[in-house]
Amino acid sequence: MCGIVGYIGGRSAWPIIVKGLQRLEYRGYDSAGVAVINDGGLLVRKCKGKVADLVQMVKGQDLSGSVGIGHTRWATHGVPNDVNAHPHTSMNGKFVVVHNGIIENYREIKARLVEKGYSFKSQTDTEVLANLIESFYLNEKLTAEQAVKAALRRVIGAYGLGIICTDEPGILIAARKGSPIAIGVAQGEYFLASDATPIVEYTDQLIYLDDEQVAVLSSDGYTISNLNDVHVDPVITHVDFDADNIDKGGFDHYMLKEIHEQPQSIADTMRGRVQSETHTINLGGIADAMPRLASARRIIVVACGTSFHAGLVGEYLFEQFARIPVEVEYASEFRYRDPIINDDDVIIAISQSGETADTLAAIRMAHEKGALVLGVCNVVGSSIARETDAGIYTHAGPEIGVASTKAFTSQVVVLAMMAFALGRRRGNIDEATYASLIDGLVAIPSLIAQVLDSEPQIREVSRAYQLAQNAIYLGRGYLYPVALEGALKLKEISYVHAEGYPAAEMKHGPIALIDNCMPVFVLATHDKFYDKIVNNIQEVKARRGQVVAIVTKGDCEISKMADYVIEIPECDDALLPLVAVVPLQLISYYVAVMRGCNVDQPRNLAKSVTVE
Ligand code: G6P
């Protein structure tokens with residue numbers, strides 16, 4: 001996690017860095033810092049708290065200088081405080097480093113440096129790296145670039161780095177292994193950042209560093225080489241990214257904006273892929289992989305967090321329509337349990353950021369075992385997108401709110417497109433059913449817009465439960481993963497303990513928790529489980545639980561039992577998750593706002609989890 005930004009060129013670095021850090025705060029926000037070099041020498045400013053606290057701290061200070069680096073942190077080593085905040089300066093003040101990742105062998109390196117007389121101010125692995133670089137630089141009389149490479153050859157772990165050297169103030173060094181680094185190329189100036197968002201307003205020419213590559217940037221040009229000094233020809237990617245997309249667009253929070261963007265983001269996910277007139281689905285990104293996917297013996301979905309819940313919806317979709325057995329695995333469990341993977345298995349990695357460390361490690365392992373690996377990612381050019389054999393971008397646009405909303409629905413749309421196309425290809429779906437499923441998909445944006453029209457009512461329901469300490473979410477079939485996702489959303493941003501359960505499992509434990517203080521959110525639409533879920537609602541009411549039911553528009557039965565009902569429009573069972581999740585997203589949003597929580601930056605979380 002953590003976000004890093006760097007600049008070198010003709011302008012003042014500080015305003016560019018601070019704006020970039022604000023855009024990267026979704027990656028971590030427990031402390032922030034900046035370092036610039038100007039005629040007066042090196043200036044380092046850092047503090048506990050958010051980027052806004054840093055801005056407040058340096059108010060009125062001269063931070064001019066046209067080379068600099070900045071950092072916004074999600075703590076791994078050392079508590080969040082001023083001292084542990086990045087940048088970290090080496091003991092003799094030669095090198096200043098910002099780092100995203102973990103240096104795993106930092107203890108032994110530190111012990112060796114202590115023997116050589118180095119002392120340390122912080123508890124971080126990054127300060128160890130800064131001193132290791134400096135010790136090579138001073139003891140072996142290397143250039144800054146050579147010293148960085150020498151140090152990186154010794155470290156085990158992950159890094160995305162921005163480094164400046166006070167003896168060589170005309171260069172900015174970037175390096176990557178495991179943690180992403182994007183470099184923006186413009187006329188006489190270069191930008192570096194953990195992702196494209198801080199860069200896109202200055203240039204659309206980007207280079208994504210690969211593992212063990214080091215870039216040396218100066219206002220005269222740049223070079224990229226690997227740790228063994230072999231020159232690398234850069235691949236410049238043109239990014240089509242609208243900087244307006246990363247503003248709040250008049251909403252109070254990114255999360256609310258992103259919930260409201262779903263009709264559009266889902267349409268973008270389908271654009272060019274779903275043809276409603278001809279009733280066809282064309283998935284260009286996996287066209288070459290389709291024969292192998294269609295004959296897969298098994299599909300294994302690997303993901304984390306909300307993406308895992310999208311994967312669970314995918315399991316229902318693939319099994320119903322493609323009739324291929326599916327397993328859905330938390331990437332962190334999958335990678336460490338020596339799973340059985342055959343070369344006729346297909347792995348689908350789902351990740352909004354495309355950088356989640358466990359998911360990335362899982363696909364590397366699957367590759368080694370010979371499986372075909374497909375990616376469903378949102379961030380274009382991300383590590384998972386690049387390391388998979390083929391994939392489908394969700395094209396949901398930048399998701400800044402830490403709690404994932406529009407990424408989830410776009411992931412489910414991608415999985416639905418895949419399942420329907422596979423089902424048709426494998427002969428499990430007849431033409432008429434296929435056409436009707438495609439019509440159903442195309443209608444989803446307008447159905448979500450209808451749910452969003454109920455926002456004032458959903459806000460009032462949220463008000464009724466804003467003080468709840470616990471909540472249970474129940475769903476069956478396609479709506480069971482939605483129950484899990486609703487509970488996760490509430491936990492993440494409201495800090496309310498919430499459990500998602502398959503409704504029928506309630507009587508095997510959670511029912512013991514139900515009393516008149518327990519809100520139970522029940523997904524109770526007109527699907528094949530309707531009668532069963534009505535029974536579940538009665539079981540809750542019999543124990544004086546509070547029931548909020550998400551029902552199909554026009555339902556008159558459940559409103560007689562439930563404390564509140566929220567209506568959603570009717571649609572095919574397989575597409576219900578896309579519509580039913582929206583009221584749950586809004587409930588968690590409003591409960592969090594009413595409880596005074598920081599919706600976009602919930603405590604202890606980060607959007608992009610690049611540590612395992
Ligand atoms: C973090 C985020 C979640 C996200 C999960 C997986 O926990 O806070 O919103 O679902 O990581 O991230 P990915 O980028 O792989 O989808």
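Both ligands and their constituent atoms are indexed starting at 1 by order of listing. As a basis for the values below, the full set of heavy atoms in this structure was taken, side chains included, without hydrogen atoms, waters or symmetry mates.
- The pair Arg364-Asp211 meets the salt-bridge criterion, since a charged nitrogen lies less than 4.0 angstrom from a carboxylate oxygen.
- Short contacts between ligand 1 and Thr306, defined as distances under 4.0 Å to a heavy atom of the residue, involve ligand atoms 10 (O).
- Within ligand 1, counting atoms from 1 as listed, the ones closer than 4.0 Å to a heavy atom of Ser404 are 9 (O).
- Atoms of ligand 1 found under 4.0 Å from any heavy atom of Val402, numbered from 1 in the order shown, are 8 (O), 9 (O).
- Distances between N or O atoms of Thr359 and those of ligand 1 include no value under 3.5 Å.
- Note on Lys406 versus Glu399: no salt bridge recorded, every NZ/NE/NH1/NH2 to OD/OE distance being 4.0 Å or above.
- Annotation: cation-pi pair Arg603/Tyr495 present, NZ/CZ under 6.0 Å from the ring centroid and within 45° of its normal.
- For atom 8 (O) of ligand 1, the nearest protein heavy atom (residue, atom name, distance) is Ala606 O, 3.1 Å.
- Between the side chains of Asp358 and Thr356, no donor N or O sits under 3.5 Å from an acceptor N or O.
- Ionic pairing of Lys177 and Glu212 is present here: one or more N-O contacts between side-chain nitrogen and carboxylate oxygen are shorter than 4.0 angstrom.
- Using a cut-off of 4.0 Å between Lys/Arg side-chain N and Asp/Glu carboxylate O, Asp30 and Lys48 are scored as not salt-bridged.
- Residue-ligand proximity, Ser307 to ligand 1, at heavy-atom distances under 4.0 Å covers atoms 10 (O), 13 (P), 16 (O).
- Remark: minimum distance from atom 15 (O) of ligand 1 to any protein heavy atom is reached at Thr356 OG1, 2.4 Å.
- Annotation: Gln411 places no N or O atom under 3.5 Å from an N or O atom of ligand 1; distance criterion only.
- Protein heavy atom closest to atom 7 (O) of ligand 1, with residue, atom name and distance, is Val609 CG2, 3.9 Å.
- With hydrogens left out, the protein atom closest to atom 6 (C) of ligand 1 is Cys304 O, 3.4 Å, a heavy atom.
- Between Tyr330 and Phe308, the ring-plane angle classifies as parallel under the 30° and 60° cut-offs.
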